[in-house]
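It should be emphasised that the depicted structure is a prediction, and the values quoted were computed from it without experimental measurement.
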Amino acid sequence: MLDTDDDEFGEYAHEEILQALVARLLTSDDLDQLCDEADLPQLTHDDGTPVTVTSARAYRDAGVLTLDRGVWLELSDGSVFGLTVTIARRPRDEVTLRRK
């Protein structure tokens, strides 16, 4: 059951919320700050400047005609990564969406 009138997430709420969350997380702070917080090494260009996320775009299926969702990340070094949200099991009970 949805606690909103606009039903913006529809039938695939779990996937769409996780997809939006990943895109927001990876674009809200600089990649080097996220690596620091996770105690991971930083990606840097040859000149020592940090590699950044230049674009995060959501996609609806993983390119294999599935219902999987994901996020394409483009980095300032020219690399592109696809993060897929794979549906392994749906909740058994009714889930309510609510805004804080």
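Residues P50 and S76 approach most closely at O-OG, 4.3 Å, considering heavy atoms. The two residues V71 and Y59 come nearest to each other via the heavy atoms N-CE2, 3.4 Å.
The structure places CG of L31 at 11.0 Å from OG1 of T44, a figure rounded to the nearest 0.5 Å. Summarising the geometry, atom CG belonging to D77 is positioned 10.0 Å from atom CG belonging to D46; distances are rounded to the nearest 0.5 Å. Residue T52 holds its OG1 atom at 11.5 Å from CD of E74, rounded to the nearest 0.5 Å. Residue R57 holds its CZ atom at 12.0 Å from CD of Q19, rounded to the nearest 0.5 Å. In this structure, CG in L18 is found 12.0 Å from CG in L83, a value given to the nearest 0.5 Å.
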**OP:** Applying side-chain contact (heavy atoms from CB on, under 4.5 Å), run through L73 and L26 and close with a yes or a no.
**Re:** CA-CA 9 Å; L73 296 174; L26 294 175; 3.3 Å; yes
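Here the side chains of T54 and L75 are not in contact, with every heavy-atom distance at 4.5 Å or above.
Grouping the Ile, Leu, Val, Met, Phe, Trp and Tyr side chains by contacts below 4.5 angstrom, directly or via other members, places I17 apart from L25. V51 and L40 are not part of a single hydrophobic cluster, where members link through side-chain heavy atoms under 4.5 Å apart.
Residue-environment remark: CG (D47) exceeds the threshold of 12 foreign heavy atoms within 6.0 Å.
Put simply, the side chain of T49 never gets that close to the backbone of H45: no donor and acceptor are under 3.5 Å apart.
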